[in-house]
Amino acid sequence: MTIHAFDFDGTLTKRDTLIAFIRYVKGNKEFIIGFLKHLHLLVMMKVGLMPNWKTKRIIFQYFFGGMPIETFNQYCEKFAKEKASLLRKKGMAAVNKAVMDGDQVVIISASVENWVKPFFTPLLLPRGGETEASPRGGMVGVSIIGTQIQVVDGKLTGYFLTKNCYGEEKVRRLLEQYPDRRDYKLVAYGDSRGDVPLLDFADEGHYREF
């Protein structure tokens with residue numbers, strides 16, 4: 001079996017989707033005010049004084065903490081539908097080719113799964129469900145591995161259920177889903193230092209391919 005593991009932000013998209021999603025939901029004014037309030041944290045992150053995951057969590061909680069999950073998911077669906085132009089055509093062509101060839105595709109991203117999934121709805125593998133068999137055996141489709149969010153009483157707490165899917169966490173999460181490394185060839189695609197551990201772990205790594 002061959003698994004194609006694609007990073008999302010910057011690899012399959014033209015820019016970071018967290019920032020694009022916040023602007024889409026909150027508008028430019030609230031976006032600018034929010035980021036100015038957290039500018040010191042962003043600077044600390046850039047110089048290595050604040051971990052990436054913590055900065056991301058604080059910003060996510062500021063903008064979305066307390067929002068009903070139903071409302072949040074509706075925004076995610078609309079965002080993917082109305083911002084399809086964020087996707088790189090060559091990147092998506094590679095995703096579709098891998099699926100058509102009967103290979104497994106995994107989108108593995110630090111972004112929140114809720115807004116990544118709708119970009120791939122026609123190709124998604126149902127969790128635990130049956131779908132069309134590939135010409136080579138196995139199942140045809142795309143699975144998503146991303147950062148998962150905590151929901152309590154139907155509302156976002158602003159906290160994450162999983163570690164930020166970045167760096168070594170990408171390798172760990174991939175192995176969690178596909179534990180026997182001898183069973184598959186891994187082809188990975190990425191564009192940043194957060195993808196380097198996955199690219200190094202792969203049999204074939206593509207840096208900034210698209």
Side-chain angles (χ1 to χ4, degrees), residues 6-88 91 107-119 144-152 154-173 189-199 207-208 210:
F6 293 85
D7 167 57
F8 186 60
D9 292 282
T11 300
L12 294 180
T13 70
K14 298 171 186 175
R15 57 183 184 272
D16 185 272
T17 55
L18 171 62
I19 292 173
F21 184 70
I22 293 171
R23 294 184 80 156
Y24 177 79
V25 176
K26 297 296 183 178
N28 285 332
K29 184 177 179 180
E30 283 192 52
F31 167 80
I32 292 170
I33 291 171
F35 269 80
L36 286 175
K37 284 183 177 180
H38 296 91
L39 186 60
H40 63 296
L41 298 181
L42 295 169
V43 172
M44 290 171 67
M45 181 187 73
K46 286 292 184 183
V47 299
L49 297 177
M50 174 79 79
N52 176 290
W53 69 266
K54 191 171 184 179
T55 305
K56 178 179 174 179
R57 196 270 299 164
I58 292 170
I59 290 174
F60 183 82
Q61 186 175 46
Y62 172 84
F63 284 108
F64 301 111
M67 179 178 286
I69 184 60
E70 184 177 350
T71 302
F72 184 77
N73 283 336
Q74 287 172 352
Y75 276 124
C76 292
E77 294 284 344
K78 290 173 62 180
F79 176 68
K81 183 178 180 179
E82 296 177 19
K83 298 295 182 179
S85 60
L86 286 170
L87 296 172
R88 296 184 186 274
I107 310 300
I108 185 160
S109 173
S111 279
V112 171
E113 285 186 1
N114 301 58
W115 72 68
V116 177
K117 284 181 181 179
F119 282 97
I144 309 296
I145 299 175
T147 302
Q148 297 176 357
I149 54 177
Q150 184 185 65
V151 178
V152 175
K155 294 183 178 181
L156 278 66
T157 64
Y159 287 88
F160 301 138
L161 287 177
T162 59
K163 289 184 178 179
N164 192 33
C165 194
Y166 179 91
E168 293 291 345
E169 182 66 9
K170 290 197 172 189
V171 177
R172 191 193 72 78
R173 293 283 299 280
Y189 304 80
D191 77 305
S192 71
R193 63 181 182 180
D195 302 313
V196 171
L198 183 63
L199 295 174
Y207 184 71
R208 297 187 177 178
F210 313 116

Test side-chain contact (heavy atoms from CB on, under 4.5 Å) on I59 and F35 and set out the steps. CA-CA 8 Å; I59 290 174; F35 269 80; 4.2 Å; yes

Steps toward side-chain contact (heavy atoms from CB on, under 4.5 Å) verdict (I107, F119): CA-CA 11 Å; I107 310 300; F119 282 97; over 6 Å; no

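For the atom pair OH of Y207 and OG of S192, the computed distance is 6.5 Å after rounding to the nearest 0.5 Å. Here N164 contributes atom CG and R57 contributes atom CZ; the two are 12.0 Å apart, rounded to the nearest 0.5 Å. Summarising the geometry, atom CG belonging to L18 is positioned 10.0 Å from atom OG belonging to S109; distances are rounded to the nearest 0.5 Å. L12 CG to L86 CG: the interatomic distance, rounded to the nearest 0.5 Å, is 11.5 Å. Atom-to-atom distance recorded for N73:CG and I69:CD1 is 4.0 Å, nearest 0.5 angstrom. Annotation: the span from F64 atom CZ to L156 atom CG amounts to 8.5 Å, rounded to 0.5 Å.
In this structure, F63 and F31 have parallel ring planes: the angle between them is below the 30° cut-off, well short of the 60° mark.
The two atoms that bring M50 and L41 nearest to each other are CE-CD2, 3.2 Å, heavy atoms only. Contact record, D7 with G190: CB-CA, 4.0 Å, taken as the closest heavy-atom pair. The shortest non-hydrogen separation linking Q61 to T157 is NE2-O, 3.1 Å. Annotation for D191 and R208: closest pair O-NE, 3.2 Å, computed over non-hydrogen atoms. The nearest pair of heavy atoms linking F6 to G91 is CE2-O, 4.4 Å. Listed here is the closest heavy atom pair of N52 and M45: CA-SD, 3.9 Å.
Other residues, nucleotides and ligands contribute only 12 or fewer heavy atoms inside 6.0 Å of the OH atom of Y159. Counting non-hydrogen atoms of neighbouring residues, nucleotides and ligands closer than 6.0 angstrom, the NZ atom of K26 exceeds 12 such neighbours.
Checking side-chain atoms of T11 against main-chain N and O of F8 turns up no donor-acceptor pair under 3.5 Å. Remark: the backbone N or O of I108 is paired with a side-chain donor or acceptor of K170 at under 3.5 angstrom.
In this structure, a donor-acceptor pair under 3.5 Å is absent between the side chains of T162 and Q148.
The shortest distance between side-chain heavy atoms of F60 and I149 falls below 4.5 Å.
Taking the six-membered ring wherever Trp is involved, the centroid distance between the rings of F21 and Y75 does not fall below 6.0 Å.
Among K78, K83, E82, the single residue meeting the side-chain hydrogen bond (donor to acceptor under 3.5 Å, both in side chains) criterion with Y24 is E82. Each of V116, D16, I144 was scored for a side chain to side chain contact (heavy atoms under 4.5 Å, CB included) with S111, with one residue passing: V116.
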